[in-house]
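Heads up: the structure comes next, in structure tokens.
Numbers for residues simply follow the sequence, beginning at 1. Counting starts at 1 for both ligands and their atoms, in listed order. The shown structure was predicted, so the numbers you read here are calculated from the model rather than taken from an experiment.
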Amino acid sequence: MAIHPILKMGDPRLLRVAEPVTAFGTPELRQLVQDMFDTMHAAQGAGLAAPQIGVNLQLVIFGFQRNARYPQAEPVPPTVLINPQITVLDDLANPGLEEGWEGCLSVPGLRGKVPRHRAIHYRGWDAEGQPFEREARDFHARVVQHECDHLIGRLYPTRMTDMTQFGFTSVLFPDMDVAEDD
Ligand code: NI
């Protein structure tokens, strides 16, 4: 079990474009994925991108049954997503972007309302090099868009359009059962 320090906003390593993973099923990649899950779980996160622990690879993980940081969220299966590609799915009943609250382990203690596509298709590879694809909606789609943004050096505040909807978690959600510095 190896829990890594999570880089915080202001660190230039969070602003890089990540490199594709080229070697799958290696002991090094398996260890990295395990360390990322250990780190995410220790921080009660819903997702984590490799650049957040200083590894500049196109690798994100996410998933939870129930998450204290996002108590209203539907479960998302534990997922390793490498070299991802996202396609927006037009939702005729609910077109355009939808605002929703996000936090980030690299932006501790804060939340902001971020516009995201409500429905997406994503595909990529798992750690063993097996390709897979999924459709996702709502919070699942939001998490994937948030995590994949880390791979192009984007943190959620840079996606916000209304900075009045940005604040401290402890003030915005005083009843939430999360650590003050999450
Ligand atoms: Ni994040």
Side-chain angles (χ1 to χ4, degrees), residues 3-19 21 32-64 66-86 97-118 120 122 124 134 136-163 165-170 172-173 176 178-182:
I3 296 169
H4 292 246
I6 297 174
L7 305 183
K8 292 182 184 171
M9 184 168 64
D11 191 308
R13 289 172 290 178
L14 290 169
L15 303 177
R16 298 182 294 188
V17 175
E19 303 286 342
V21 172
L32 173 60
V33 167
Q34 186 58 55
D35 288 357
M36 286 177 63
F37 273 106
D38 292 344
T39 301
M40 181 180 81
H41 290 146
Q44 295 190 310
L48 187 71
Q52 290 181 277
I53 59 167
V55 176
N56 198 36
L57 290 174
Q58 293 179 23
L59 161 56
V60 303
I61 64 165
F62 49 85
F64 55 87
R66 189 189 166 280
N67 189 283
R69 286 163 51 85
Y70 301 96
Q72 311 300 329
E74 298 277 311
V76 176
T79 301
V80 177
L81 177 60
I82 296 173
N83 301 347
Q85 292 180 293
I86 294 177
L97 299 168
E98 187 166 76
E99 299 270 350
W101 289 102
E102 293 185 20
C104 180
L105 297 174
S106 294
V107 190
L110 295 160
R111 295 289 165 103
K113 259 194 173 173
V114 184
R116 299 285 188 190
H117 297 286
R118 184 167 179 230
I120 61 170
Y122 66 91
R134 279 185 197 147
R137 312 176 67 77
D138 302 321
F139 193 73
H140 184 169
R142 178 172 295 279
V143 168
V144 174
Q145 290 169 86
H146 175 116
E147 296 309 330
C148 291
D149 260 359
H150 280 294
L151 305 182
I152 56 169
R154 294 294 297 264
L155 299 174
Y156 79 81
T158 74
R159 294 287 189 195
M160 292 181 64
T161 53
D162 180 359
M163 294 307 283
Q165 302 294 298
F166 190 41
F168 290 95
T169 311
S170 58
L172 290 163
F173 305 104
M176 193 180 288
V178 293
E180 190 73 19
D181 65 345
D182 93 315

Going by chain and residue number, what protein N/O/S atoms come nearer than 2.8 Å to the Ni ion (ligand 1)?
->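 Short answer, with waters excluded from the count: C104 SG, H146 NE2, H150 NE2.
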Any chance the rings of H150 and Y156 have centres within less than 6.0 Å?
->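 For H150 and Y156, the ring centres are not under 6.0 Å apart.
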Ring center gap for F173 and W101 short of 6.0 angstrom |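 Yes, they do, as the ring centres are separated by less than 6.0 Å.
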Can you name the ring-ring contact (aromatic ring centres under 6.0 Å, His included) partners of H4, sequence neighbours left out?
->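 Checked H4 against ring-ring contact (aromatic ring centres under 6.0 Å, His included); zero matches.
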If you measure only the distance, is there a donor-acceptor pair under 3.5 Å linking the side chains of T169 and R69?
->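 R69 and T169 do not have a side-chain donor-acceptor pair below 3.5 Å.
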Does the distance from a Lys or Arg side-chain N to an Asp or Glu carboxylate O, for R142 and E102, drop under 4.0 Å?
->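 The answer is yes: the pair qualifies as a salt bridge.
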Is the Lys NZ or Arg CZ of R159 less than 6.0 Å from the centre of F166's six-membered ring, within 45° of the axis?
->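 The answer is no, since R159 fails at least one limit relative to F166.
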